[in-house]
J.: 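First, the structure itself, so that you have it in front of you.
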Number of protein chains: 4
Amino acid sequence: MNQLKSFASDNNSPVHSKVMRAIMEVNKGDAIAYGDDIHTLEAERRFREVFGKDTSVFFMLTGTGANVAALAHITRPYHSIICSDKSHLENDECAAPEKSTGCKIVRIPSNDGKIKKEQIEPLLGSRGFQHHSQPRVISISQSTELGTVYTPEEIRDIARFANENDLYLHMDGARLANAAAGLNCTLAETSKFSGVDVLSFGGTKNGALFAEALVFFNQDLAREFEYTRKQSMQLLSKMRYVSAQFNALFYEDLWLDNARHSNNMASLLAEKLGEIENVRITQKVEANAVFAILPEKAIEMLQRQYFFYIWDRERNEVRWMTSFNTTEQDIDDFVAAIRRSVEDSD
Amino acid sequence: MNQLKSFASDNNSPVHSKVMRAIMEVNKGDAIAYGDDIHTLEAERRFREVFGKDTSVFFMLTGTGANVAALAHITRPYHSIICSDKSHLENDECAAPEKSTGCKIVRIPSNDGKIKKEQIEPLLGSRGFQHHSQPRVISISQSTELGTVYTPEEIRDIARFANENDLYLHMDGARLANAAAGLNCTLAETSKFSGVDVLSFGGTKNGALFAEALVFFNQDLAREFEYTRKQSMQLLSKMRYVSAQFNALFYEDLWLDNARHSNNMASLLAEKLGEIENVRITQKVEANAVFAILPEKAIEMLQRQYFFYIWDRERNEVRWMTSFNTTEQDIDDFVAAIRRSVEDSD
Amino acid sequence: MNQLKSFASDNNSPVHSKVMRAIMEVNKGDAIAYGDDIHTLEAERRFREVFGKDTSVFFMLTGTGANVAALAHITRPYHSIICSDKSHLENDECAAPEKSTGCKIVRIPSNDGKIKKEQIEPLLGSRGFQHHSQPRVISISQSTELGTVYTPEEIRDIARFANENDLYLHMDGARLANAAAGLNCTLAETSKFSGVDVLSFGGTKNGALFAEALVFFNQDLAREFEYTRKQSMQLLSKMRYVSAQFNALFYEDLWLDNARHSNNMASLLAEKLGEIENVRITQKVEANAVFAILPEKAIEMLQRQYFFYIWDRERNEVRWMTSFNTTEQDIDDFVAAIRRSVEDSD
Amino acid sequence: MNQLKSFASDNNSPVHSKVMRAIMEVNKGDAIAYGDDIHTLEAERRFREVFGKDTSVFFMLTGTGANVAALAHITRPYHSIICSDKSHLENDECAAPEKSTGCKIVRIPSNDGKIKKEQIEPLLGSRGFQHHSQPRVISISQSTELGTVYTPEEIRDIARFANENDLYLHMDGARLANAAAGLNCTLAETSKFSGVDVLSFGGTKNGALFAEALVFFNQDLAREFEYTRKQSMQLLSKMRYVSAQFNALFYEDLWLDNARHSNNMASLLAEKLGEIENVRITQKVEANAVFAILPEKAIEMLQRQYFFYIWDRERNEVRWMTSFNTTEQDIDDFVAAIRRSVEDSD
């Protein structure tokens, strides 16, 4: 693989220089482990600043870890968890949700990664029947795995349904920053204020080295979560280095700059692709992903130069992710390469 | 808590400057996530250099994660895992081993953290009886949670017994570096060459930010472990930053310098404590821990100045850990404070 | 609910008088518990007689228990289990498979309860990708939950595919007797000789009180299963009473008489329903189930007299099961009631 | 093994004739499966009659199943369960508790199978420390695995402690009938009225074929237990046959006759053993077990005639269980055989 920009995933990016600097700055002397340090206190304070005071936050190590520990904590094994068939939870966590929760994961078909309450409603028919697992959690991704974004209204609609039906609403916010930037709203508006109970909040794809957090807005659910975190093998000893990353991301809204830039690069990519014949964009570009169909042969040629994933081999659909460190030049170069590949594939 | 040196744990230390530099140095441009990058290839090469070519290594996020995923991978839920009653596995992992493996953890009483084959032998009496969980793994810590160290002969003795009885030998090497330094032998001599099947190798307490590895010497056991790692929520996306830490620790034997220094500081502490009346050292100081009994009132006074753990409240026994960044001055200051506390407590 | 014949399920039936007599006959004096008794030895011998000598059998307590323990024993938690979306495994075991195995259950859409290798093939695309659970078992039901039956050729086709692709083939044979009777073949022909690795064999729906067995044809898989059975809470102390039931079912082919009669009653029901307008049979009647669509109002009226399940409320589709104790008179009465309900619902 | 009476376990006994008759009597016509039948309603009524109206009962299939499902339902995986080191839970369930609950099982050393609150108290020291599993349940056996019995005062003492410390009290009552008979009190007095929250109540060792029940006195804990039962593979389809057994045991206090007789036979055995030199009884005979030490050679000789278990091979300690069907003649014959064995072993 060459040294060019990767469009495979926003986790192929390096760590933002300000985040790296923050890591270095806390590297002085001893500090109590496991979160009883001043940097962690500061990070917790910032989370309450961003999301409001009724917020409990626990730092985690991976996005999968945050999702799984959250779900394990708010379910019993005879519950079921409802999500989109395109979700990370369902597809990319090697059945860690099943192993850790014991629950059935119930998939709802979705073209754009979003689910609707109308699709969830029929699943409640199994309520009270002892042979069936009992619906307990709805999990949605914001932004979705397809680069689309729920509007606050859409989330509130699901949250209201959840609330009326004794279901919890979990949000996989590995890219919540991109969603908020795309919606031009705050992080809280697109999560807590829309009725989310528990949020997996990701910093890693937003410029951190490894910074994930589980954020409880429903305070009852947070009770005893420290044990679930430890038992889920998500408790870091040298916690100050995670906390420092969140402090850096929240300082002067670095998270927003990173997300906006990343989204802008996706928009720019999509815009320029519009000029290329034989490239068809398949999803709305509302965050930092572009999904497109192009000729099979063009994909092959392009993959010799750039690293990215084929999303749907049958349809020749690819996924291209942009990141905080994607430049306009990267986009120009990439678009030029796409154009050549498509032309040569004729 | 004041800003003095902590003697609570080697994980209260910062990150060694050379490790931190290595993290910064790999922070350039994009890299494929999840371990398909050149820094990870390099780190894997170094592990094979250190432990010999029949070595498979997987980078993990926490020591608990390494222990638990290892045990989950090499057992079935009806197996039992035999360890010391002083082990981290048994005491400090919030039953993550039970939850992830389903196995019974069988504790062997131990005063110094070490177990002997003679203690394991009677447990095989349950073999073949369908009502009892079936012994499958012996897990030992090197160095132990009590700062003692198994000699290669002691390990070989257990390994031979394991081998003859269809048991695997797992080693929790969160402080393997300290053990090797204490024994004046190589990392391989005190693990692989002594008959260990699977090693949890820790870098975090040796100066890293977070760097843990699972090392399989029994190659059959490594098969499909990548899935267990992912399902155990131990797969980091930006893997190069973990690999860089191992590369730094192995470069010009930084791990050994760190471990030796840490051990020397513990020896120095023990030596100076010998001069104080009413302080009794309770364990051999073979790595970087000092266990001591001192007057209850002295403990109280000392804890106002220094952060450390009371090991056994009934016996007034405390644990003091040294680290790569402990200085002779730190020791002198600490010994002076102990002396004052003991004298004042009379 | 009235005292009429139930068409809800073959488990609403009583115990066949010959089975009950067998239970009484072994009720003499003491016997070693947990299967070390002569009746169990005899039952094991009979299983080897029926299925051939390379057969290991373990008696279980419930059909769910047999399915779940089998799958737990032959998988690791990062594996996935492939089954029909109509299967008992997926729908009616309250996520016991997920809880006990940790595996992802992957559903294949099916109209008649049967799956085809062509549907399984694309699922192998996730092989080797560490983020995805790894396909390991195909589970099929014989007869299916929709009353249809796999031909030996269809099973061999799946078995061959499984064998070529390192997958195990599990069969949920809660109604294997009905399938064999329907196919006019032996129990072994429709399971072991067709390439099945592990069979959940059910006696309960065939006239027993509670008699389920796990039968391993792939002998390697049976190793250590006694521990999985115990850990799955499926080991009965007074085992002779389970064994006696199997001995009765196998004696002079009582199982076959029961299954044939049950199937015949379903055929008779289907035949007579053909004469009623507005009743449409929706599945082939190949075992002891009849699925039919009839007017919603007719269903309501009929349910006041008879107990049975609505299969698909939207389509007004019902499921009617016959049993060894269903009589021609029962069928006549039921058909008359259906006819009246349909007519009255106009 | 010969055809003599077994003294190995009360589960080597046959089914009591009245229980068997009850099974036969419900074998008429169809009945709704899974507990919605009149016999089950009747059995539930009887349980409320025996234990008082605030009682929820669920029929289970095995004693292990009842224990494990109870504990899984009232814990989260980061909790710990405290029991005697002699308990069935700890020793004889092949780690089913660990696998199903994820909890750590914490053993308290006990010579007579009973534990005291003073032994539990120190375990609460781990409360609030996130690295340690959190005590949540105390489980005691009544009668114990050593044939001893807790007095109501002893149970109340533990129950009060549990209540004050946010712990639940579970009772393994596989032999509750023997305990109540021994104490000359009601079943409720030695369980519910003594402060037990959840009771595993066993009928199998009291003359049933298989009849176990989980009885919740703490009604909050019973919520949603039907799903845990199903997911624990403990839900029988033809439930009427289990219910009928309980109905028989409760009818005219058959359970008490059986338990009393069984206890009397143990007392008689103990009394007669007192006359034999070189046989030393090691536990109080308060229920239906006799533990004794006798010469190793005598044990060998005796085992050629009678089936029973050696409890502690090092001490030459054996366990002898009596049952509802043990006769005075059985005892006389057995004592004679013991006498001969002991004499011949000189």
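Everything quoted here is computed from the prediction, not taken from an experiment. So you know, we letter chains A, B, ... as the sequences are listed, proteins then strands, and number each from 1.
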J.: Under the side-chain hydrogen bond (donor to acceptor under 3.5 Å, both in side chains) test, which residues partner A:Asp166, sequence neighbours left out?
T.: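 Testing A:Asp166 for side-chain hydrogen bond (donor to acceptor under 3.5 Å, both in side chains), a comparison that skips the adjacent residues, returns A:Arg136.
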
J.: With a 4.5 angstrom heavy-atom cut-off, could you sort out which part of D:Ser100 is near chain A: side chain, backbone, both or neither?
T.: neither

J.: Under 6.0 Å from the CZ atom of A:Arg223, do we count more than 12 heavy atoms belonging to anything else shown?
T.: no

J.: Among residues 77-96 of chain A, which residues come closer than 4.5 Å to chain D, judged by heavy atom distances?
T.: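 Within residues 77-96 of chain A, the residues under 4.5 Å from chain D are A:Pro77, A:Tyr78, A:His79.
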
J.: Checking heavy atoms, do the side chain of A:Gln134, its backbone, both or neither come under 4.5 Å from chain D?
T.: side chain

J.: Taking only heavy atoms into account, what residues of residues 124-133 of chain A are found under 4.5 Å from chain D?
T.: A:Gly128, A:Phe129, A:Gln130, A:His131, A:His132

J.: Under 4.5 Å, heavy atom to heavy atom: which of residues 228-246 of chain D reach chain A? Give them by number, or say none.
T.: D:Thr228, D:Arg229, D:Lys230, D:Gln231, D:Leu235

